[in-house]
Structure formats: structure tokens, C-alpha cells
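Here the structure comes first, spelled out in C-alpha cells, and everything after it is commentary.
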Amino acid sequence: MKSLIAQSHSLSDPAVQLDVINNHTEKIKSFDKFEDKLENIGLHPLKPTGIEIFQINVGYMCNMTCKHCHVDAGPDRKEIMTKETLQQCLGALKDSDIDTVDLTGGAPEMNPHFRWFVDEVSKLGKHIIVRSNLTILDTRKFEDLPKFMADRGVEITCSLPFYSKRRTDIQRGEGTYDKSMKVLKLLNEIGYGKEDSGLMLNLVYNPVGAFLPGDQESLKQQYKERLWKDHGIVFNDLFTITNLPISRYLNFLVESDNLEEYMEKLITSFNPSAAMGVMCRNTISIGWDGSLYDCDFNQMLKMKTNHGAPDHIKDWDLEKLNNREIVTDQHCFGCTAGAGSSCGGAVT
Amino acid sequence: MDKTYYNPEDLKKFGNVSDFQEKLGKKFFDYYGAVFEEGALTAREKSLIALAVAHAVQCPYCIDAYTEDTLEKGCSEEQMMEAVHVATAIRGGASLVHGVQMMNKVDKLSM
């Protein structure tokens, strides 16, 4: 499977994506606007509560091409953060009390400067989270990474859309489940996910289809029971994430004729409490080229930080960023539906 | 568009049944909500029961609603289909067990 961009697909264009989620049908045009919903609960313009998480998308290259990927990542994507931009990130981190650095991609491990950067961030005493697809750690080039990350106390948060092989492989490709189980066992062997080891291993659930995630705690218990019973695998936490109508997931919604109903469901499930806790309020997202965004989703839609805030890491200004106005559009309903959704799971 | 007795859009209007009889409608929906709350059975178990019953009573609205609900609650395809088989077994068994009545009648009428 090729990325949308490699297929020259119209939905590889962020402007087309925004037009689709706003205007695809007459009914979609009539849906409530996200800004109005915020206005109704006194939350517009949306402002940060203070940046606590520095999320860096170190590149869109990935060894996988998952059907739902909002990044449209894949082996054919060449966008990779340079060492110079990573140095700029370190500069920004040195001057701030932001304590968590969250590395994502693509497969963040595939950035050629990954190990060096993890070492440098580690020296700053920051907590590091790596978002891994698991299968990359089953390749010869990266098989030493689990130990490398364990030695530096890196938290690993990895994708596992479901506890069963069938549904996992449908979304992430044939063979993903078996490889994931192999890597999870390996991570357990070196201490990840084990009580009192201090090595955090979290799983990420996201629905394999056009429906919302259920209760996070209930799903966590199901995962714990099934993975232990079937494979002897343990982990710390499970984060439920709602699929946002962006990129390849948006393509799935359009092709399966689910877009209208999915958008309607997101909008009717708008939860003011979830809106209060959306991740863009305590996170800044840095793109592979150093551009700044309110979240990884805005990054993929090329909606940079604005309203007077700097929009590139070279112009980093924590005070201005802490006082910025967050940029929103209809996709934001994905983070405010039901129990809410963030990179750390449900928000209520 | 083909005209059918069932329209998927009507599921979203379920709450409107209170318009013609508000008091009883409210009682029903309060009861309905309470039934599906987490209790001695988990919300997930209740959803699987609802899916099975939806098949037994052949309610297309309920089948749509509880297929989505069981998916959201993390049920696997195997679990969902097993629930449908439970409904089928009871439904089929309910017919078959009446065969005993037929056999009794045959015995009574026969020489």
C-alpha cells in the first residue's frame, strides 16, 4: 500500500481534507461548527493551560502503511527532521521547565539522529516518551533499541489497535499482530511493563472502523486479561484514542460512505468536560521541518500556530506560545467526543 | 430510493416517541438507561445480551445500534457472533421444545 501522497490522491492535500470535513455533503455543511460549540461553553478562543509536553514529529517515514494513519506515513515518505532542527529543539528545551518530550512519527526510531537525540534529551533530565509501532523493533537494524531505551528510562507507548489478531492485522497489515506480540514479550523480558521496574510500557487502542472508543478502563481490563492469558504479556496502561477524520482515515470514511454519520456522531457526542482537557492546551507539536503546531493533527493539516505566536522552532518563545490562541476546525470534534481523546488517552 | 418499512435514519428519532406521550416515554427511557448501567453485569455483557436479543426479536434498529455498541465496548467479532448463536439456539430450541407437545398429542391420539 502506498501513501496517499505517493498515489497523488486528492486527499493528500490538507486544503481538500478541510473542505471535505466541512462541505462534503449538504448535511455536513449544516453541522454545528466547532468554534460555535466552544463559544457556547465560554471556551472560545481556546487558550493553552501551559505547555507541559513537547511533542516532536521527527519524520513521516515509517516501515508500515496503516489504513487509518492520520500522518499518511509510510516507507515512501522521506520527510525527516535534520540534526540542525533537533539542535533547535534542544535549545528550546534547555531554556524551559517543560518536563516531557514525546517523540512521534512515522516511526520515530527511523530518524538517523534518534539515538543521539534521545541521549541529549536524557542529559537534560527530561522524561522521554517514544511512540513506537512495535514492528520496527523486530528488524535487525533496530533490535538493540529496546535495551538502549531501557538504559535511558524511556517510556514506550505503542500502537496495538486491538487484542485480537484479525482486527489488528486489518488495520496495520498482515503479520503485524504476531510481530507485535514478539516485541511486547521482548520488552517484558527486559523489564518494560513490569511492576516496580520503572520502565513504562503503554498500549494505544484505536477503533478499527467508523466507531468511537469505549470506556478506557473497561478496555484496559480486557486487554490485560487477553494479553496475559493468550501470550503472558503485561503492560502498564492503555490509552484509548479516537480516530480523527484526517488523511487515510478520512479516505476510509469517504470510500465506505461513513463520513456523514461519523462526523454527526463526533458532533453529537461533544463533551464540554473533554473540551476543557484537550491536549493542545498543554502540548506543542513540532513538525519535521521545525514548524510549530497546536497538535499532530493540525500539523498534518498544515495549520500552524498563529495569532501572533511564533510558528517555527527557531523563533521559540515560551511566553508567547503559552498565551497563543489555538487553531481549530471541524476535525477537533474528534478530541472532544465522549470521554475525549488525546495522545494520553481519554481526558475525562 | 427504494421505499421500505425500515429507515435507518429513524433510529436517531427514537427519543421522539415521547412527543405523543411524554410521561410514559420518560419512564421508559429512564428505565432503559438504568437497565444498561454498570451493575451486577458489566455494561459490555449487557451490550452482548442486547445484541443477541436484537437478533431474536429481529429488530434492525437494535441490530445496528448494538453492533456499534459492542464494537465500541471492545467485543471481538467471535464474541458478537457467539451471542447471535445463543439467540439462534434459544429461538430454534423454543420451536423444537414444542415438539414434545406435538409428540404428547401424537401419543394421545394414536392407538
Side-chain angles (χ1 to χ4, degrees), chain A residues 25-27 31 68 160-171 177 203-227 229-230 238-243 256-258 260-269 337-339 341 345-346, chain B residues 1-2 4 6-19 29 32-55 59-86:
Chain A
T25 63
E26 286 306 311
K27 192 169 178 185
F31 285 158
H68 72 306
L160 188 67
F162 205 51
Y163 56 70
S164 76
K165 179 177 168 65
R166 183 177 181 274
R167 231 180 265 176
T168 299
D169 285 359
I170 282 174
Q171 184 179 85
Y177 184 80
L203 302 184
V204 174
Y205 162 93
N206 61 280
V208 185
F211 54 96
L212 300 185
D215 177 68
Q216 184 166 277
E217 195 54 36
S218 166
L219 282 163
K220 181 168 118 182
Q221 289 315 316
Q222 289 176 60
Y223 266 68
K224 289 231 170 199
E225 282 166 23
R226 288 297 299 268
L227 292 183
K229 187 168 159 254
D230 297 346
L238 178 89
F239 303 143
T240 55
I241 294 189
T242 302
N243 291 316
S256 61
D257 195 24
N258 275 304
E260 198 174 271
E261 243 179 275
Y262 190 72
M263 289 303 296
E264 189 172 21
K265 182 145 197 173
L266 292 181
I267 294 167
T268 54
S269 308
S341 178
Chain B
M1 185 181 163
D2 291 340
T4 66
Y6 290 112
N7 178 357
E9 287 294 310
D10 287 348
L11 177 57
K12 292 171 198 155
K13 301 176 193 162
F14 186 19
N16 298 356
V17 297
S18 298
D19 291 353
F29 285 113
Y32 192 100
V35 164
F36 282 95
E37 280 170 10
E38 199 91 11
L41 293 173
T42 64
R44 184 169 166 276
E45 288 165 336
K46 289 179 181 183
S47 188
L48 278 169
I49 293 170
L51 182 69
V53 174
H55 284 78
C59 166
Y61 303 116
C62 314
I63 291 172
D64 271 3
Y66 285 95
T67 297
E68 189 166 347
D69 195 60
T70 43
L71 281 171
E72 287 186 356
K73 289 190 163 58
C75 300
S76 66
E77 289 84 346
E78 291 93 329
Q79 291 166 335
M80 291 159 69
M81 190 54 87
E82 279 184 27
V84 173
H85 278 293
V86 170

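We name chains A, B, ... by the order of the sequence lines, and we start the count at 1 in each one.
Scored by the side-chain contact (heavy atoms from CB on, under 4.5 Å) test, B:Val53 finds B:Ile49, B:Val57 as partners (sequence neighbours excluded).
Side-chain contact check for B:Leu71 versus A:Val208: every heavy-atom pair is 4.5 Å or farther apart.
Between A:Phe162 and B:Cys75, the shortest heavy-atom contact is CZ-O, 3.9 Å.
If you measure heavy-atom distances from A:Pro213 to chain B, the contacts under 4.5 Å come from the backbone alone. For A:Leu212, the parts lying near chain B are the backbone and the side chain together; criterion is any non-hydrogen pair under 4.5 Å.
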Output the donor-acceptor atom pairs between chain B and chain A under 3.5 Å, with atom names and distances to 0.1 Å.
residue, atom, partner, partner atom, Å
B:Lys12, NZ, A:Glu264, OE1, 3.1
B:Arg44, NE, A:Gln222, OE1, 2.8
B:Arg44, NH2, A:Gln222, OE1, 3.4
B:Glu68, OE2, A:Lys265, NZ, 2.6
B:Glu72, O, A:Gly214, N, 2.8
B:Glu72, OE2, A:Leu212, N, 3.4
B:Glu72, OE2, A:Lys265, NZ, 2.9
B:Lys73, O, A:Gln222, NE2, 2.9
B:Gly74, O, A:Tyr163, OH, 2.8
B:Cys75, O, A:Arg167, NH1, 3.4
B:Cys75, O, A:Arg167, NH2, 2.7
B:Glu77, OE1, A:Arg167, NE, 3.3
B:Glu77, OE1, A:Arg167, NH2, 3.2
B:Glu77, OE2, A:Arg166, NH1, 2.6
B:Glu77, OE2, A:Arg167, NE, 3.1

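One distance of note links CG of A:Leu219 with CG of A:Leu203; it measures 11.5 Å at 0.5 Å rounding.
Heavy atoms from other residues, nucleotides or ligands lying under 6.0 Å from CZ of B:Phe29 number more than 12.
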